[in-house]
Amino acid sequence: MSAAYERVQAARAKGRPTSVDYINNIFTNFQELHGDRRFGDDGAIVAGIGRLSDMPVTIIAQEKGQTTKEKIARNFGSPNPEGYRKALRLMKQAEKFRRPVICFVDTSGAYPGLGAEERGQAEAIAENLMEMMTLRTPIISVLVGEGGSGGALALAVSDEVWMMENSIYSVISPEGCASILWRDAKKVKEASECLRLTAEDLYSLGVIERIIPESGRDFTAAYMNLRTWLKKALDDRAGLSPEELIEKRYQRFRKFGSVSIQNEVD
Amino acid sequence: MIPKTLFKKANNELEHIGRTVYEDFVEATQTCPQCGFELTATELKDNHEVCTKCGHHFRMNARQRIELIADKDSFTELFADMESVNILSFPGYDEKLRSSRAKSGEREGVVVGEASVGGRRCVMFVMESQFMMGSMGSVVGEKVALAFERATREGLPVLGFTVSGGARMQEGIVSLMQMAKTSGAVKLHSDAGLLYIAVLTDPTTGGVSASFAMEGDIILAEPGALICFAGPRVIEQTIRKKLPKDFQTAEVLLEHGFVDAIAPRNIQKEMLANLLALHEKEESE
């Protein structure tokens, strides 16, 4: 049995808390805000304002839903372009009112549908990546379940990115990887190992700053830890100017990648 | 000036015959996928890889593109010495890199340099479809980021030609991070008040379309190019329906408002030179 694949299954497991549980257990006074002011309201993204202890924060979360009915309403957590545009609208609002932004990531990926393409899924994600990089307020992202590719990254261009112990973060689903590389979707276990998608893998690659421990089905301690750590991460940034914040964020992403320099130019 | 062909002339009748026969023998033809017309390699090359009958745009490699767009002898390549590393020890990736280098004659999936176009200086990046279908790994991300950073420092516009199957899964999460890295470099270039024109060529998909391809101040696309986030096959599997024909072509994106204009190759350089000129700042500024 592949250890990485066990994590993939755990991250997707039925009954695992979803973003709404995190919002309800970590924040108070949450007021949900809907719509992108362009096309519609995307159920796959829950967003609004609440308090982290005393501090007002903007919360943006991908939500998969728990019951079948919810899952359908939430499009199984796969946002359409209007979801990413709602997220961006509320990030800009947070910037205006100098509120930090907390994102919860849980998606198998941006929705690959007809309407999504027509309304510019690629453009919506690209815009978020660009705008988040220079948002003049702190952003912390927490991966709570699945972090599927560009659709997850569009809520994770942040000052710090954290992962729950049993969450995964990957450029492609192990199923997709297996079927493209080996033309065999059954090789999903091998693909899970190769992709290095567990929280420990990402921590060792320097892609995330923190792993939030889980203990079975009881998330009480995890919520409490998250509240404490989020508060501290934001307090640590309170003294930074927006320019310093942006520079640090840029350098955080600028360092990713590994290249070899060949001296002989032929 | 002595024409180069002077040196290629046959020395005698025999040699001439021999050469002609040989060339005729190897001259491959390609069938136009759009109209079925048979074109020789020479015909295609002379017409910038565009079908002489129906105007279908075949894929063009990075060096041909530079020849088509940059003013003669103006292109100076930058960051040419970078190669990919198999950071995750992904099975088969080393061989894939080796064969792609051999196939494309390039070290990686993007060529970067400084050039002038219509007499105006710019930083150019041109992706290469022959190298793992222009997929974005660390080197592609690094070179594109460096291109924007250099342009920002020098106050230059960027011309970018994209062709990509998306992120390079053999580099896992690190390839995903290139989307954020390049987008950040584009944003800082943009915030400095500088122009970025993206030219989307067939195909521009996935992680590249969802990052720097769609971040141009002006986005042009070649006729018929496939431009999308999710590929047609993935969508068909998701919605369990056949997609309408040409659903994700440049022309359909133009209709939906995601592309500024179509740029056919016969007027592409003119269009770019004109746009660069329209953005030229006056000396007194």
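Only a predicted model underlies this, so the values are computations on that prediction, with no experimental measurement involved. Chain letters run A, B, ... following the sequence lines, proteins first, then strands; residues in each count from 1.
For B/Glu149, the part lying under 4.5 angstrom from a heavy atom of chain A is the side chain only. When heavy atoms are compared at a cutoff of 4.5 Å, B/Gln237 does not approach chain A at all. Heavy atoms of A/Arg119 lying under 4.5 Å from chain B belong exclusively to its backbone. Looking at B/Glu215, both its backbone and its side chain come within 4.5 Å of chain A, counting heavy atoms on both sides. Proximity to chain A is limited to the side chain of B/Ile239, based on heavy atoms less than 4.5 angstrom apart. Contact of A/Ile172 with chain B is made through the side chain alone, with heavy-atom distances under 4.5 Å. For B/Gln248, the part sitting under 4.5 Å from any heavy atom of chain A is the side chain, from C-beta outward, and nothing else. For a residue to count as touching a neighbouring chain, one of its non-hydrogen atoms must lie under 4.5 Å from one of that chain's; by this rule B/Val85 touches chain A with backbone and side chain alike. Interface remark: B/Ala185 contributes backbone and side-chain atoms alike to the contact with chain A (heavy atom separation under 4.5 Å). For A/Leu205, the part sitting under 4.5 Å from any heavy atom of chain B is the side chain, from C-beta outward, and nothing else. Using a 4.5 Å cut-off between heavy atoms, A/Leu197 makes no contact with chain B at all. Neither the backbone nor the side chain of B/Phe212 comes within less than 4.5 Å of any heavy atom of chain A.
With sequence neighbours excluded, the residues forming a side chain to side chain contact (heavy atoms under 4.5 Å, CB included) with A/Pro242 are A/Arg136, listed by chain and number.
Contact detail for B/Ala180 and A/Val157: the closest heavy-atom pair is CB-CG2, 4.1 Å. Residues B/Lys181 and A/Tyr250 come closest through the heavy atom pair O-CE1, 4.5 Å. The two residues B/Phe229 and A/Ala110 come nearest to each other via the heavy atoms CE2-CB, 3.6 Å. In terms of heavy-atom proximity, A/Cys194 sits nearest to B/Leu88 at O-CD1, 4.0 Å. Of all heavy-atom pairs between B/Gln178 and A/Gly257, the closest is NE2-CA, 3.6 Å. Shown here for A/Gly150 and B/Met179, the closest heavy-atom pair between the two residues is CA-CE, 4.0 Å.
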Check your understanding: Checking side-chain contact (heavy atoms from CB on, under 4.5 Å) for the pair A/Gln262/B/Met82: CA distance, chi angles, key distance, verdict?
Key -> CA-CA 6 Å; A/Gln262 303 294 312; B/Met82 277 179 212; over 6 Å; no
Practice item. Given side-chain contact (heavy atoms from CB on, under 4.5 Å), test B/Glu83 with A/Val259 step by step and report yes or no. Key: CA-CA 6 Å; B/Glu83 282 189 4; A/Val259 304; over 6 Å; no
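In B/Glu67, the CD atom is not crowded: 12 or fewer heavy atoms of neighbouring residues, nucleotides or ligands sit closer than 6.0 Å. The number of heavy atoms from other shown groups lying within 6.0 Å of OH (A/Tyr203) does not exceed 12. Within a 6.0 Å radius of NZ in B/Lys96, no more than 12 heavy atoms belonging to other residues, nucleotides or ligands are found.
Chain B forms the most heavy-atom pairs under 4.5 Å with one residue out of A/Glu118, A/Met133, A/Glu123, and that residue is A/Glu118. Heavy-atom pairs under 4.5 Å with chain B peak, among A/Ser170, A/Gly206, A/Gly113, A/Ser149, at A/Ser149. Residue with the most contacts toward chain A among B/Val174, B/Val234, B/Leu188: B/Leu188 (heavy-atom pairs, distance under 4.5 Å).
Between A/Arg196 atom CZ and B/Ile173 atom CD1 the span is 11.5 Å, to the nearest 0.5 Å. Going from atom CG of A/Leu195 over to atom CG of B/Leu176 covers 11.5 Å, rounded to the nearest 0.5 Å. In this structure, CD on A/Glu193 lies 11.5 Å from CZ on B/Phe90, to the nearest 0.5 angstrom. Taking CD1 of B/Ile87 as the reference point, atom OG of A/Ser260 lies at 11.5 Å (rounded to 0.5 Å). Distance CE/B/Met177 to CZ/A/Phe253: 6.0 Å, rounded to 0.5 Å. Rounded to the nearest 0.5 angstrom, A/Glu117 CD and B/Leu243 CG are separated by 8.5 Å.
The interface of residues 124-132 of chain A with chain B, defined by heavy-atom distances below 4.5 Å, comprises A/Ile125, A/Ala126, A/Leu129, A/Met130, A/Glu131.
Looking at A/Lys255 and B/Glu142, no side-chain N of the basic residue comes within less than 4.0 Å of a carboxylate O on the acidic one, giving no salt bridge.
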